[in-house]
Every structure is written in structure tokens, then in C-alpha cells.
Amino acid sequence: MPRWVDAREGDAEDEDDEPSSEDDEEEFDMDRAEAPAEQDVEAEEPGDTDERVQSGATAGPSGQKQKITIPLGNRKLVCHPCYLCKQTGHTTMTCPYRIAPEHGCVQAANLSSDTLLATVLQREQHGRKREIHLEQPSWQVDAAVLKLHSRRCLCLDFHPTKDNIVVSGDKKGQVAVWDFEKVHERTVYAQMHRALANNIKFMGPVQDSYCASSSADGKLKVWDVETGFDRELLNMNPDGWIQGVTDEKSWIMLYGLDVGVEKGLIIVGDSKGRLYFVDARSDEKIFQGQLHKKGMKVTSCHVNPVDSNMLMTSSNDWTAKIFDIRNMSTNVDNSNGKGKESPDPMQLAVLDHPKVVNSAYFSPISGSKILTTCIDNRIRVWDYVLSAHGPADREIVHSHDFNRYLTPFRAEWDPKDPSERTFVVGRYISEDFGGVALHPIDVLDASTGRLLSQLVDANLSTICPVNKPHPRVNVIVSGSSRSLYAWRPVSKDEDDPKLPVKEAKEAKGKGKSTGSVPSSAHFISFDADATEKKKRKAASAGAGEEAGKSKKGGKSKIVEKDESDEENGEPSSPNSKPSKGKKAGGKKK
DNA sequence: AACGCATGAAACC
DNA sequence: TGGTTTCCCTGCGT
């Protein structure tokens, strides 16, 4: 029986942006085809029409986005590739990969030359039906905190000991701590970072209230979720933050992050293909190396859960790599002077991909499988680390397109599945659920590619790129846009309720029926922006107090870190604003 | 309701 | 090699 909090009346419309009902997955863009010719010519480079006709037809399997333009006298017929598999010749709706029961999952042709394995493979593929079927419950949103962040959410992590605590980071560098059990209890540290908080990782059960976070402001911080107090472990841009130059060549951003709890090591990658090890006890940098292509982001890091010497990284350079940490410790700071990078002598394997790799993770229990998410709309599975030098054992075609406005999708293992098959990933492409276009979160079987469950809620119409199954309890938390959602299985006895979409919303005049999609109403609304604006107004009026107030007796805090705190030891940045109040009160509207 | 904007990979020149 | 253009089922704010 979920505890729930009334959503604010006025909030109903907030999360609903009239999902564009144009579900036309047409490859033939009639609008364009029928538009006056001049318009088309304007839109398309007249010169390359011919080229496209020729080259478009040969769209390779590697997922090239190519468009075929067919001139029809005055007009042109534009043929988009399938949004899902990126090939031409069919629509997304009729994509063979979409229709296939197992997501077009491709078994590797050359799994092994081993006869026994080949036999097993043969049996698995063509013999009796797969014996083990993973069961998945149906899920529903049990709790949500809307507009927790002021910008889109980029990352999540679960508290190592407190089951109901999750932290998240957003595009503006805010970090938040949310109790999805108590639903309205959350804390926002509004200025933990000054740019994208790309990754957050808890430091492990011993220092269980501490998180490490890596950010595009070039800083690696460790901070206390209870107090927000932080210490800076790395600052890649010691000259400070200058507005407007963040994406200049010289600016270094930190991305992929993992904490090797066993070794007391924080591992972080930057935007230049470099990797840093920081000793979690001394806070000292003990290694730096150019392990990926220069100038390319290191998008993820993961320490093998069983063999803590094994590290996997993924990168914009179209690879994931596996390293032996033991070979790294000597090589401190060699690339400090000029760009002479040591060509990774410690590299164990390179997992080539046809596009940018968003993430690469070892399986959570045995550490022997590998799951990568690549923006070619394919999720790849290696069943054994030892086969990582070869092609993936499976490629699962799945829509998680790169989109510049979205946080990159990452397929995440479910650490609770002892068979290490279940993983979760958000879906980019929308599907029609009783007249409403929703973007489900998919639960998939890594061994078969089978879709085990898809999570949808009528109140959640935005894309959910950030999703994580809880390591201990049956919860999946999703970050979508500025909000967080906690999903739980629908309990059978509670057979409930298909709670209709909020009446407030219907009364609102939209009257949009959500058809068959139920929506649980366990929402709490929270508008961080409104709070900030209010606070600012209050501050400018000269009164910064009024702390820690909230509606309905729930606790909520917005903690504005004192800027002077943040600039600690840093030469003043040109645009540093006068410091604000230390702890201005968050307040519910 | 109709925009404008932030923003990133990759193809193209 | 670097600057420019394209992609064109985002989400939010004005």
C-alpha cells in the first residue's frame, strides 16, 4: 500500500506537454514531398540530390543515418531511414527488428570454435525453447518528485545502506537527495557543481553518506549527502570558470566515474580521453593516463565487481576498453608536459563499436558479462569477459537514439537478478498507448533480447534516459527531464485501481483520455524553479530566512551553497556573483 | 499556440 | 585538419 501525497492541483498540466500525436512513422515525408518545390530546394542542398540518391540506398548495417531523396519532377520525395534500425526500405512501424519478438537480437555467428559451445549454441537457437523464462511484474509509478531539478537529470545512484535514498545530478550542477519512501523528503544542493553533474557514485557502505561526483565544470568532488559539505579532489581548470568558454578546447570536463570501494580508489575520465585515479583516503591523484583517443570523452568507467583490478571504460572514440589497474599505478602524470601519452600498455581488450559508446558495464554479480550501450541503436552483450576481444555475443536492436537534447541512454543491469540477465534501458521512440504517445522504459533479457516488461505511466510523457534498478529492493528509479520517478511492481492483491488520470487534469479542459494506460497518483509536486525564483525575490527584498518550510508537513530543503565556500582556494572567476545566503529556505509553493 | 533556445555527434566541405 | 551544416518522435520557457 503505497503512501502517497496529493499532487498539487495546478501541477497537473506541468508534466504533460501534449505528446505530439503525430505518430506517423512514415518514411515518406508527405509534407515535404507535397510542399512547393522551391521550399524543398531551399531545405535540401540542391547539389547533393544526386549523391544522396546513390549513396542512400547503400545504408550500411552499421547504422548510418542516411536519407534518400527521390526527385519527382518538380518535387522530391524524401525517404528517411527507419528510426529504429537505421536501415532503409521499411518504416519504423514495420521494422523487422521491431516486430521480432526478441528485438532483432542477433546471436554472434562465431560464438566460439569450441565444439561443445557450438553444440550448445545450436541447441539454444534451434532446439527446444528456452527453458528459463524470466518473470517480470508489471510496474507502476509509486512515487514521483516533479521538477526536483532545475534542468534535466543526468545521473542517479542509490544509497549503499539506506534503501529508500537516491541521489541525482542535473545539467546545471545541482545534486539532489530524495527519499522515495517518504516521497516528499528531499534535499537539493543547488550549487554543488557549476555545470553538468555527469555522474554520481556513492563511496560504499563504510562511508555511506558520501558521494563522489564528476562534472563538466572539471571538478571531482566528494560530498556528504546529509550536510552537503564537500571537498574538491580534482579541479581540471584551476583558472576558474569563465562563462561562455566552457566548451572551448582548453576546458576539461569530467565524465565517467566509478568508485573502486575495495581499493579505495575513485576513477574518473575526462573530455580528452584521459583517466585519473584518486586515492579516496588521501584525496591525492595517483594516476593519470591517456587511455582513449585524444579529445574524446570517457563516457563511463566501471570497476569489475569481482576482480577489482579490472577496469572497463567507454568513450566517444567508439570503443570500450578493459584495463588491468595494476599496470597503471606507475605511470603518474606522464602526459603533463606535452601530449605524449603512453599507448596503454595495460590494455587488455578493446571492444570496437560503430559509434559512440554511452556506457559499458560488467555484470553486477559475477562480473563476467559485459553490457554496452552504443548510439547506433544497439545494445551489445558479451557473455564472457574473455571473449571481449571478439564481436559481441548479442546485439539487441533498441531505440535509444542519440539526441543532443537528451541525457545519453545507458542500459543498466539489475543487480538483483542472480542470473545476470535482466537490464533496464529507456526507450527513445514513442509508442501509441491508447492514443497517447509514451516513451516506455524497457526491461530486457540480455540473454535473449526479449522484452520482459515496459514501464509506462500516463503522467509520464517525457523520455526517460536515466534509469536504475535498485540493488536491494524492488524499485526502479527513473530520471526524466527535471523529475524523478520511483517504480514498484503492482502488488496483486492490491489489484487496484487503475487510478484515472488526475481529475484536475481532466477538469483542466484537456479532457484527454489516457486510454488504457493507468496512472498511479502517488505524486508529489515540487517546483524547484519556482522555489528559487521566490527565494531570489525574497533575498533581493532583503530577507533570506524562512528556512525548511514545506507543505503537508513534509521536509524539504533547498540548500544554496555559499559561493565563497565553493571558490575556496580558487582565484576569483570573472563572473563570480556575490555570495548568497548560506542556507536559504526551500519552500513549497 | 507559435516560436526560440540549449546543445552534440558526425558528415560534409 | 578545422569550420560549418545537419539531424529534425526534446523539453522548457516566453
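Numbered from 1 within each chain, the chains take letters A, B, ... in sequence-line order. Worth knowing before you read on, the calculation uses all heavy atoms, side chains too, and leaves out hydrogens, waters and symmetry mates.
- In this structure, K171(A) does not reach the dG11(C) phosphate: none of its side-chain N or O atoms is under 4.0 Å from OP1 or OP2.
- Straight-line distance from the CZ atom of R404(A) to the P atom of dA10(B): 14 Å, rounded to whole Å.
- Nucleotide dG11(C) holds its P atom 16 Å from the CG atom of D170(A), rounded to whole Å.
- A 4.5 Å side-chain heavy-atom check between M236(A) and Y276(A) finds at least one atom pair inside the cut-off.
- When rounded to the nearest whole Å, the span between NE2 of H400(A) and C1' of dG8(B) equals 16 Å.
- The residue among Y405(A) and V356(A) whose nearest nucleotide of DNA chain B lies closer to the 5′ end is Y405(A).
- Side-chain atoms of T462(A) lie closest to dG11(C) of the nucleotides dC8(C), dT10(C), dG11(C).
- Taking side-chain N and O atoms only, S481(A) has no distance below 4.0 Å to OP1 or OP2 of dT10(C).
- For dA9(B), one of the phosphate oxygens OP1 or OP2 lies less than 4.0 angstrom from a side-chain nitrogen or oxygen of K297(A).
- Put simply, the side chain of S430(A) never gets that close to the backbone of H439(A): no donor and acceptor are under 3.5 Å apart.
- For the pair M296(A) CE and dG8(B) C1', the computed distance is 12 Å after rounding to whole Å.
- Distances shorter than 4.0 Å separate none of the side-chain N or O atoms of W318(A) from OP1 or OP2 on dA9(B).
- Closest to the F402(A) side chain, of the nucleotides dT10(C), dG8(B), dG11(C), is dG8(B).
- One can place OH of Y428(A) at 13 Å from P of dC7(C), the figure rounded to the nearest angstrom.
- In terms of phosphate contacts, R482(A) brings a side-chain nitrogen or oxygen within less than 4.0 Å of OP1 or OP2 of dG13(C).
- When all heavy atoms of T373(A) and A411(A) are compared, the pair lying nearest together is OG1-N, 2.8 Å.
- One finds no side-chain N or O of N403(A) lying less than 4.0 angstrom from the OP1 or OP2 phosphate oxygen of dC8(C).
- Set against dA10(B), dG8(B), dT10(C), the side chain of L196(A) has dG8(B) as its closest nucleotide.
- Distance, K293(A) NZ to dT1(C) P: 8 Å, rounded to whole Å.
- The side chain of K86(A) places no N or O atom within less than 4.0 Å of a non-bridging phosphate oxygen (OP1 or OP2) of dC7(C).
- Computed from coordinates, the K147(A) NZ to dG11(C) P distance equals 14 Å when rounded to whole Å.
- Taking the six-membered ring where the residue is Trp, Y361(A) and H302(A) present perpendicular rings, their angle passing 60° and hence far from 30°.
- Defined by atom type and a distance below 3.5 Å, a donor-acceptor pair is missing between the side-chain atoms of D270(A) and Y255(A).
- Rounded to an integer number of Å, the gap from I463(A) CD1 to dT7(B) C1' is 15 Å.
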